[in-house]
Amino acid sequence: MSQLNDLKLRFAGADFLDFSEKAPGFIVIDVKTPFSTATIALQGAHVMTWQPAKQKPVIWLSKAAKFAPGKSIRGGVPLCWPWFGPHAKEANYPGHGFARTIPWSLLSAGKLPDGRVRLEFEPVMNDAARAQWPHDSTVKYSITVGQELVVGLATKNTGKTPFVLGQALHTYFEIGDIKQVEIAGLTGCTYIDKVDGGKRKKQKGTVTFAGEADRVYLGTAGCCGIVDPAMKRTLLITSTGSRSTVVWNPGKEKAAKMGDFGNKGENRMVCVETANAADDVISLAPGETHRMTAQYRVIKHG
């Protein structure tokens with residue numbers, strides 16, 4: 001029996017789910033609730049879209065995104081785990097870890113009493129992933145679709161020695177115009193400016209954009225907002241278990257070289273990532289579990 005047919009049989013009574021193949025071997029889950037809809041790829045447990053009822057999409061997915069096993073998706077909510085950025089010691093290991101490009105298994109899916117839908121996933125570790133991450137550990141990822149989108153990673157050290165964990169919810173948000181957007185809630189924070197050679201700077205006022213931006217804000221609080229006058233809304237990001245916030249937009253020149261942003265796609269997205277990165281990586285002791293969550297909601301202007 002194919003994996004697609006198996007999923008349809010396992011969740012035959014779940015009228016809020018629909019399973020299909022976006023491309024050969026690339027299975028996606030469509031989730032419908034009274035409050036919003038979402039699309040999730042089994043590869044990477046990757047939230048591809050989320051759109052509240054009668055509103056514009058909140059999660060941006062490139063119109064030129066490619067869907068193929070083992071290839072990362074441009075847009076949505078890629079999972080960076082168990083490290084963020086380049087590996088600390090092995091240059092040939094994949095940037096941002098392997099979690100976003102390996103299959104994940106849907107463990108459960110159910111409707112909550114208030115009508116929200118909650119799904120839980122775990123990764124299907126292949127030989128390459130086990131070689132790159134030789135630590136005894138488990139990771140579960142939950143996605144709750146409702147008036148808000150809530151995503152959460154829980155990593156447990158099941159071994160006898162501590163290990164260092166880096167991670168990020170690399171979320172692409174849909175915006176009206178990158179030149180008009182401001183990110184509030186990071187004023188006064190120290191950040192690593194990757195566009196300027198990794199220099200450490202302090203944020204003055206809200207974050208604005210005039211070209212490529214790639215910053216890791218350190219020691220951040222659990223709340224920030226994307227103020228979007230063009231779409232007349234603020235996207236509120238509330239997090240727990242996160243010490244860092246990553247802000248990224250490739251700018252025109254870099255996006256053109258990537259090939260999967262589409263025409264002027266960089267103008268319609270910004271990544272604001274709930275993370276534990278750089279100075280803020282987590283040391284996880286034996287038996288300890290670390291949980292990181294992010295909640296996304298829309299506040300309309302006027």
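Along the sequence shown, residues carry numbers from 1.
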(message) So W104 and V124, do their side chains get closer than 4.5 Å, heavy atoms only?
(response) no
(request) Would you kindly confirm whether L79 and F121 end up in one hydrophobic cluster when ILVMFWY residues are joined by side chain heavy atoms under 4.5 Å apart? (result) yes
(message) Is it the case that the side chains of S239 and T274 hold a donor-acceptor pair, with the cut-off being a distance below 3.5 Å and no angle test?
(response) no
(request) Answer yes or no: is there a side-chain heavy-atom contact under 4.5 Å between M292 and L169? (result) yes
(request) Decide yes or no for E90 and Q132: does some side-chain heavy atom of the first lie under 4.5 Å from some side-chain heavy atom of the second? (result) no
(request) Could you tell me whether a side-chain N or O of W83 sits under 3.5 Å from a main-chain N or O of P94, the two making a donor and an acceptor? (result) yes
(message) Atom CZ of residue position R291 - does it have more than 12 heavy atoms of other residues, nucleotides or ligands inside 6.0 Å?
(response) no
(request) Using the rule that two of Ile, Leu, Val, Met, Phe, Trp, Tyr join whenever any of their side-chain heavy atoms come within less than 4.5 Å, decide whether V47 and V145 are in one cluster. (result) yes
(request) For the residue pair L119 and I40, establish whether any side-chain heavy-atom pair is separated by less than 4.5 Å. (result) yes
(message) I need the D228 CG to K56 NZ distance, nearest 0.5 Å.
(response) 10.0 Å
(request) Sequence neighbours left out, what pairs pass ring-ring contact (aromatic ring centres under 6.0 Å, His included) with at least one residue falling in residues 255-297? (result) W60-F261, F173-Y296
(message) Tell me whether K264 is salt-bridged to D177, with the criterion being a basic N under 4.0 Å from an acidic carboxylate O.
(response) no
(message) Would a single hydrophobic cluster contain both V270 and L236, if residues Ile, Leu, Val, Met, Phe, Trp and Tyr are joined by side-chain heavy-atom contacts under 4.5 Å?
(response) no
(request) For the residue pair H170 and H96, categorise the inter-ring angle as parallel (less than 30°), tilted (30 to 60°) or perpendicular (more than 60°). (result) perpendicular
(message) Counting only heavy atoms from other residues, nucleotides and ligands, does the tally under 6.0 Å from NZ of K179 exceed 12?
(response) no
(message) Apply the hydrophobic cluster definition, ILVMFWY joined by side-chain contacts under 4.5 Å directly or through others, and give me every member besides V28.
(response) F26, M48, L61, F67, I73
(message) Is it true that N276 and S244 share a donor-acceptor pair across their side chains at a distance under 3.5 Å?
(response) no
(request) Would you check if there is a donor-acceptor pair between the side chains of R116 and Q147 at a distance under 3.5 Å? (result) no
(message) Can you tell me how the ring of F98 sits relative to the ring of W81, calling it parallel under 30°, perpendicular over 60° and tilted otherwise?
(response) perpendicular
(request) Tell me whether Y141 is reachable from V117 by hopping between hydrophobic residues (I, L, V, M, F, W, Y) whose side-chain heavy atoms are closer than 4.5 Å. (result) yes
(request) State, without any angle test, whether S36 and W50 hold a side-chain donor-acceptor pair at a distance under 3.5 Å. (result) yes
(request) Identify whether the distance between the nearest side-chain nitrogen and carboxylate oxygen of E120 and K140 falls below 4.0 Å. (result) no
(message) Can you confirm whether K201 is buried at NZ, in the sense that more than 12 heavy atoms of other residues, nucleotides or ligands lie under 6.0 Å from that atom?
(response) yes
(message) Could you check whether any side-chain heavy atom of Q167 comes within less than 4.5 Å of a side-chain heavy atom of C80, counting everything from C-beta outward?
(response) no
(request) State whether the side chain of D6 and the backbone N or O of R10 hold a donor-acceptor pair below 3.5 Å, judged by distance alone. (result) no
(message) Are I175 and I59 linked, directly or through intermediate hydrophobic residues, by side-chain heavy-atom contacts shorter than 4.5 Å (ILVMFWY only)?
(response) yes
(message) Regarding D280 and R243, does a basic nitrogen lie under 4.0 Å from an acidic carboxylate oxygen?
(response) no
(message) Using a strict threshold of under 4.0 Å (side-chain N to carboxylate O), is an ion pair present between E174 and R268?
(response) yes
(request) Decide, yes or no, whether a salt bridge links D193 with K199 under the criterion of side-chain N to carboxylate O below 4.0 Å. (result) no
(message) Quick check: closest heavy atoms across S20 and L4, and the distance to 0.1 Å?
(response) N-CD1, 3.8 Å
